[in-house]
Amino acid sequence: MLLFFIVSFLASIAGAICGIGGGVIIKPVLDLLKLETVSTISFLSGCTVLSMSCYSVGKTMLAGERRVALNTGTPLAIGAAIGGLLGKQMFTAIKGLFENQNRVGAVQAGCLAVITVGTLIYTLHKDKIKTHSISSPLLCVLIGLVLGVASSFLGIGGGPINLVVLFYFFSMDTKTAAANSLYIILFSQLASLLATLLTHTVPDFRLLTLVLMVAGGIGGGATGRVLNRRMDNRAVDKLFIALMVVIVFISLFNTWQYMR
């Protein structure tokens, strides 16, 4: 049981610092350890990310910090919420195609590996890539929709995809992108959780495990928020790149493991 707390706590620290939510670490690590079924891990990971993002965004708003660009962040979040519902339905549909849940895990792990590799390549070369400053609410909603679908389906809460999108389409620096990413994650994960509850598709889980993971998420979010304020953009970038490398290898191993 303690392992669930430790994974959630450490992942949420990194998630709060980099704006990746923590689910992109929690999901593949718990898949690797095979502590629960694929569906249960996705659900628990989503709840943990929701608790961490709720704490982080709430503290940011109460502190009066202006890192979240509400004019673009809110349409992105609305799109992400809708995408979260669609992503949940996609996960349920693909799950129904396979009798063996491990195949669903292989699909998730494979997709995560591909996305993370793309994110890593972009991050390493982002200084050479021309960025944009989109302000159209409609485009923001559509971009948020894609982010929500991906994060909900993969059970990662948003992760590295959000940062690349915020870098490229909105020309945000690393720490600003992190704050806006957590804002988007909050909405997409809330929508995904509500969809799970309303459709009565909550997987079997142990209540103590959920409590420990949520506690780890909030504790990690609080710690990560403090560390983020003490780190500059370069340090956050280095941590983000290191995490992406680790996640790629874990995801590739999980894909192979689930396909056996």
Side-chain angles (χ1 to χ4, degrees), residues 1-18 20-58 84-85 87-88 91-92 94-96 98 100-109 111-112 151-159 182 185-225 243 246-247 250-251 253-255 257-258:
M1 283 291 185
L2 185 59
L3 193 56
F4 285 100
F5 174 80
I6 293 172
V7 171
S8 299
F9 179 69
L10 295 178
S12 296
I13 290 176
I17 292 173
C18 300
I20 57 177
V24 72
I25 303 169
I26 296 170
K27 178 69 169 62
V29 169
L30 293 184
D31 281 342
L32 177 66
L33 298 174
K34 289 192 171 181
L35 297 177
E36 285 288 357
T37 65
V38 171
S39 296
T40 300
I41 289 172
S42 291
F43 176 75
L44 293 173
S45 174
C47 290
T48 305
V49 171
L50 176 61
S51 65
M52 187 279 283
S53 60
C54 185
Y55 172 84
S56 297
V57 172
L85 298 175
K88 176 61 183 174
F91 176 78
T92 302
I94 292 179
K95 179 183 172 184
F98 300 99
N100 186 348
Q101 271 203 31
N102 285 344
R103 296 294 180 264
V104 183
V107 172
Q108 285 183 310
C111 290
L112 181 57
S151 65
S152 181
F153 171 69
L154 295 175
I156 60 173
L182 292 175
I185 287 170
L186 172 61
F187 282 78
S188 65
Q189 287 305 114
L190 181 60
S192 179
L193 176 61
L194 289 175
T196 301
L197 296 175
L198 292 174
T199 56
H200 305 289
T201 54
V202 177
D204 293 330
F205 67 92
R206 289 169 289 184
L207 181 60
L208 180 57
T209 302
L210 176 62
V211 171
L212 287 172
M213 291 186 68
V214 168
I218 294 173
T223 305
R225 175 179 162 79
L243 289 172
V246 173
I247 291 166
I250 293 178
S251 298
F253 179 79
N254 285 341
T255 305
Q257 184 175 237
Y258 279 128

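- With a 4.5 Å cut-off on side-chain heavy atoms, Ser42 and Gln108 count as touching.
- The shortest non-hydrogen separation linking Thr209 to Leu44 is CG2-CD1, 3.8 Å.
- Of all heavy-atom pairs spanning Phe98 and Arg103, the tightest one is CD2-CB, 3.4 Å.
- Contact check for Asn254 versus Gln257: side-chain heavy atoms found under the 4.5 Å cut-off.
- Shown here for Val214 and Cys47, the closest heavy-atom pair between the two residues is CG2-O, 4.3 Å.
- Between the side chain of Ser8 and the backbone N or O of Phe5 there is no donor-acceptor pair closer than 3.5 Å.
- Looking only at side-chain heavy atoms (C-beta outward), Phe43 and Thr201 stay at 4.5 Å or farther from each other.
- Here the closest heavy-atom approach between residue Ala16 and residue Leu182 is recorded as O-CD1, 4.2 Å.
- Side-chain N or O atoms of Thr40 include one that pairs as donor or acceptor with a backbone N or O of Asp204 at under 3.5 Å.
- From Phe153, atom CZ reaches atom CG of Leu112 across 10.5 Å, with rounding to the nearest 0.5 Å.
- In this structure, Phe4 and Leu208 have side chains that are not in contact, with every pair of non-hydrogen atoms separated by 4.5 Å or more.
- Not one N or O on the side chain of Arg225 forms a donor-acceptor pair closer than 3.5 Å with the backbone of Ile17.
- From Asn102, atom CG reaches atom OG1 of Thr37 across 9.5 Å, with rounding to the nearest 0.5 Å.
- Atom SG of Cys111 and atom CD1 of Ile94 lie 7.5 Å apart (nearest 0.5 Å).
- The two residues Ser12 and Met52 make their nearest non-hydrogen contact at CB-CG, 3.8 Å.
- For the pair Phe91/Ser39, a side-chain contact is recorded, criterion being any heavy-atom separation below 4.5 Å from C-beta on.
- More than 12 heavy atoms of other residues, nucleotides or ligands lie within 6.0 Å of CG in Asn100, so this atom counts as buried by the packing criterion.
- Contact check for Ile250 versus Asp31: no side-chain heavy atoms found under the 4.5 Å cut-off.
- Proximity of Thr196 to Lys88: side-chain heavy atoms (C-beta onward) are separated by under 4.5 Å at one or more points.
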I would like to know whether Ile20 and Ile25 meet side chain to side chain contact (heavy atoms under 4.5 Å, CB included); could you show each step before the answer?
CA-CA 9 Å; Ile20 57 177; Ile25 303 169; 4.2 Å; yes
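- Contact detail for Leu243 and Ala14: the closest heavy-atom pair is CD1-CB, 3.7 Å.
- Only one option out of Val7, Ile6, Ile13 pairs with Phe9 in a side-chain contact (heavy atoms from CB on, under 4.5 Å); it is Ile13.
- Two residues are said to be in side-chain contact when any heavy atoms from C-beta on lie closer than 4.5 Å; Met213 and Leu30 meet this criterion.
- Proximity of a side-chain donor or acceptor of Thr223 to a complementary backbone N or O of Gly220 within less than 3.5 Å is not detected.
- The CG atom of Leu50 lies 11.0 Å from the CZ atom of Phe187; values are rounded to the nearest 0.5 Å.
- Remark: Ser51 OG to Leu186 CG distance equals 10.5 Å, nearest 0.5 Å.
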